[in-house]
2 protein chains.
Amino acid sequence: MRRDVFQAIADPTRRAIITLIALQAMTPNAIAENFNTSRQAVSKHLRILTECELVSQKQDGREIYYQLNIQKMKEIDKWLSQFRKIWETRFNQLDHVLSTIKNKKK
Amino acid sequence: MRRDVFQAIADPTRRAIITLIALQAMTPNAIAENFNTSRQAVSKHLRILTECELVSQKQDGREIYYQLNIQKMKEIDKWLSQFRKIWETRFNQLDHVLSTIKNKKK
DNA sequence: AACTTGCGAAACCAAATAGTTGCACATATA
DNA sequence: TATATGTGCAACTATTTGGTTTCGCAAGTT
């Protein structure tokens, strides 16, 4: 079973869960209240997120709090950084073109 | 059929295609040579990437060049930016903790 | 001890996905 | 014109996915 960060964030519900628990840890029931889907479905999403280490659990009595492992989010950022270089360069090129046009008008 | 950037980059082959054509446009056959999969399979991936506007086509005779739409990659970056704030804050907090420990040692 | 609550896991199902094979259709080349 | 090349698209298949329903278990509550 493929379990990587990119596959995990492919699902919109999982992205919403990530955003939801980004600032504070939450229990499955509390998370499920925010979606019109069953607790079990959310539980499955949480399992997938846990398996790829995007979230971690913290047991408190019979409640389990899920929190975002922000460190893992950097993996996406790392992959993206190779393209960031490109779009910054292209932006500078566009900037150059624009200033050339500007100078021509003078 | 769901077609968004996140679903598009979920597949490892598609991520590889994106990286491959990031710097220069390529034809389906040229792209397929880099993978041990059929030309048709690559063609399907390119179709998905085109549908979500991550790549665009440029016809030249009977050849079709596919190029990355770097602008669309920023959408991922945009989503990620909400977490970037968090991990920068956490890093600063860690930094603060570390310097506190450092000062205690003095 | 009996009941309620919070949860994960297994079994099942419909839909989506990634791949293959075979075809059609242009554009080049002989 | 006949043939080769580059490509997209449809049909089919095996696998994966997201969801539901049902169950069991542990931790609290009565």
Side-chain angles (χ1 to χ4, degrees), chain A residues 1-21 24-69 72 76 79, chain B residues 1-21 24-69 72 76 79:
Chain A
M1 211 184 296
R2 183 156 45 89
R3 277 289 172 263
D4 62 63
V5 188
F6 295 98
Q7 191 265 340
I9 63 161
D11 185 82
T13 306
R14 282 198 290 270
R15 283 202 301 282
I17 291 175
I18 289 172
T19 305
L20 202 58
I21 65 169
Q24 61 171 359
M26 288 174 78
T27 64
N29 269 326
I31 295 167
E33 273 172 21
N34 293 273
F35 305 97
N36 40 3
T37 181
S38 70
R39 199 245 333 147
Q40 282 86 346
V42 169
S43 194
K44 265 185 132 181
H45 284 305
L46 287 170
R47 193 178 136 187
I48 290 166
L49 291 169
T50 306
E51 275 172 8
C52 76
E53 297 176 307
L54 259 173
V55 308
S56 57
Q57 306 173 0
K58 204 169 47 173
Q59 186 117 18
D60 177 30
R62 66 182 166 189
E63 292 183 328
I64 299 176
Y65 284 86
Y66 284 85
Q67 62 189 354
L68 181 62
N69 176 16
K72 200 74 179 181
I76 308 162
W79 180 75
Chain B
M1 211 182 299
R2 182 155 46 88
R3 278 288 171 263
D4 61 62
V5 188
F6 295 97
Q7 191 264 341
I9 62 161
D11 185 83
T13 306
R14 282 199 289 269
R15 282 202 302 281
I17 291 175
I18 289 172
T19 305
L20 202 59
I21 65 169
Q24 62 170 1
M26 288 173 78
T27 64
N29 269 326
I31 294 167
E33 275 171 19
N34 293 273
F35 305 98
N36 42 3
T37 182
S38 68
R39 200 244 335 143
Q40 280 87 344
V42 169
S43 193
K44 263 185 132 180
H45 284 305
L46 286 171
R47 192 178 137 187
I48 290 166
L49 290 169
T50 306
E51 275 172 9
C52 75
E53 296 177 309
L54 259 174
V55 307
S56 57
Q57 307 172 358
K58 205 169 47 173
Q59 186 119 16
D60 177 31
R62 66 183 163 187
E63 291 182 330
I64 299 175
Y65 284 86
Y66 284 85
Q67 62 189 355
L68 181 63
N69 176 15
K72 200 74 179 181
I76 307 162
W79 181 75

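Here is how names work: the chains are called A, B, and so on, in the same order as the sequence lines, proteins then strands, and each is numbered from 1.
Taking only side-chain nitrogens and oxygens, B:H45 comes nearer than 4.0 Å to OP1 or OP2 of C:dG19. Contact annotation: B:N29 reaches the phosphate of D:dT7 (side-chain N/O to OP1 or OP2, under 4.0 Å). The side chain of A:S43 contributes no N or O atom lying less than 4.0 Å from OP1 or OP2 of C:dC7. A sub-4.0 Å separation between OP1 or OP2 of D:dT5 and a side-chain N or O of B:T27 is absent.
Separating the CD1 atom of B:I64 from the P atom of C:dA26 is a distance of 13 Å, rounded to the nearest angstrom. When rounded to the nearest whole Å, the span between OH of B:Y65 and C1' of D:dT7 equals 13 Å. Straight-line distance from the CZ atom of B:R3 to the P atom of C:dA16: 11 Å, rounded to whole Å. B:M26 has its CE atom 14 Å from the P atom of D:dG6, to the nearest Å. Distance B:E63 CD to C:dA26 C1': 13 Å, rounded to the nearest Å. At whole-Å resolution of the value, CD1 in A:I48 and C1' in C:dA9 are 14 Å apart. A:K58 has its NZ atom 18 Å from the P atom of C:dG6, to the nearest Å. Rounded to whole Å, the distance from CG on A:D4 to C1' on D:dT16 is 14 Å.
For A:R47, the side-chain atoms get nearest to C:dA9 when compared with the rest of C:dT20, C:dA9, C:dC7. The side chain of B:P28 sits closest to D:dG8 out of D:dT17, D:dG8, D:dG19. The nucleotide whose nearest atom lies closest to any side-chain atom of A:A41 is, among D:dG19, C:dC7, C:dA18, D:dG19. Closest approach to the B:S38 side chain among D:dT20, C:dT20, D:dA10 is made by C:dT20 (side chain taken as heavy atoms from C-beta onward).
Annotation: of the two residues near DNA chain D, A:T13 and B:Y66, the 5′-most nearest-nucleotide partner is B:Y66.
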Seminar exercise, completed: Letter by letter from the 5' end, nucleotides 22-29 of chain D scores (B base, S sugar-phosphate only, - none; protein heavy atoms under 4.0 Å) B----BS-
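Using modelled atom types, one side-chain atom of B:N69 and one backbone atom of B:E53 make a donor-acceptor pair closer than 3.5 Å.
Atom CG of residue A:N29 and atom CZ of residue A:R39 lie 6.0 Å apart, to the nearest 0.5 angstrom.
Scanning all heavy atoms of the two residues, the minimum distance from A:V42 to A:P28 falls at CG1-O, 4.1 Å.
For C:dG8, its base never sits under 3.5 Å from the side chain of A:K44 at any donor and acceptor pair.
A side-chain N or O of A:Q57 and one of A:Y66 form a donor-acceptor pair less than 3.5 Å apart.
Looking only at side-chain heavy atoms (C-beta outward), A:I9 and A:L54 come within less than 4.5 Å of each other. Counting only heavy atoms from C-beta outward, the side chains of A:H45 and A:I31 never approach each other to under 4.5 Å. Looking at heavy atoms from C-beta onward, B:I21 lies out of side-chain contact with B:Q67 at the 4.5 angstrom threshold.
Across all strands shown, B:L46 has no heavy atoms under 4.0 Å from either base or sugar-phosphate atoms.
The environment of B:Q24 atom CD is sparse: at most 12 non-hydrogen atoms of other residues, nucleotides or ligands sit within 6.0 angstrom.
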